[in-house]
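For reference, the structure discussed in these notes is given below.
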Amino acid sequence: MAFNYKGVDAMPDASARDFVRLLPWTGSDGKPCFLARDGTGYVSRVADRIEKEQLSSADDLLDEARRMLAGRAWTPGELHLLAVELTASLADVRRVAESWGGRLAALGHDVPDDADGEGADFRRRRSDEGGATGPAPVNA
């Protein structure tokens with residue numbers, strides 16, 4: 001069962017919110033999507049695969065950026081395209097980190113507050129498992 005952000009806040013059982021996973025995509029309205037399950041179903045596996053692909057793509061893009069910048073022979077258009085791609089990739093990686101961090105917080109691990117004071121908001125967005133390269137799955 002997937003929820004939009006408002007739906008997660010409106011869940012009547014506070015403990016159930018602790019095991020809601022932030023998914024690596026948004027709804028058609030651009031709002032975050034969440035999954036309230038045990039983390040073993042089809043949607044969880046799809047989310048794991050997408051998170052792994054997003055992290056791999058970010059790694060490849062970082063290598064490409066390093067090569068391009070080391071060559072010191074780029075056009076303004078190439079730099080612009082690189083900035084656009086790095087921005088999109090950074091947004092994906094941040095979402096994966098939020099999802100995994102929320103899962104760690106739900107398991108009782110300390111998650112430090114952000115420097116800008118958004119720690120409480122960060123911890124409110126919980127997840128029930130990480131991807132293949134992240135924290136081990138939770139069996140609820």
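As the structure is a prediction and not an experimental result, all values here were calculated from the model. We count residues from 1, following the sequence as given.
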Closest approach of Arg21 and Ser44, non-hydrogen atoms and distance?
NH1-O, 3.3 Å

Quick one: closest heavy-atom pair of Glu78 and Ala73, and the distance?
OE1-O, 4.0 Å

Say you draw a straight line from [atom1] of [X] to [atom2] of [Y]; how long is it, rounded to the nearest 0.5 Å?
{"X": "Leu22", "Y": "Trp100", "atom1": "CG", "atom2": "CH2", "result": "12.5 Å"}
{"X": "Glu64", "Y": "Ser89", "atom1": "CD", "atom2": "OG", "result": "11.0 Å"}
{"X": "Thr75", "Y": "Leu81", "atom1": "OG1", "atom2": "CG", "result": "9.0 Å"}
{"X": "Asp60", "Y": "Glu85", "atom1": "CG", "atom2": "CD", "result": "11.5 Å"}

Heavy-atom side-chain contact between Gln54 and Val96 under 4.5 Å:
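Counting from C-beta outward, Gln54 and Val96 do come under 4.5 Å.
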
Quick one: does Leu23's side chain get under 4.5 Å of Arg95's, heavy atoms only?
no

Is there a chain of hydrophobic side chains (I, L, V, M, F, W, Y, each step under 4.5 Å between heavy atoms) that links Val84 to Leu62?
no

Could I get the full list of side-chain contact (heavy atoms from CB on, under 4.5 Å) partners for Leu90, not counting sequence neighbours?
none

Among Ile, Leu, Val, Met, Phe, Trp and Tyr joined by side-chain contacts under 4.5 Å, find the other residues sharing a cluster with Met68 and list them by chain and number.
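Same cluster as Met68: Leu61, Leu69, Trp74, Leu79, Leu82, Leu86.
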
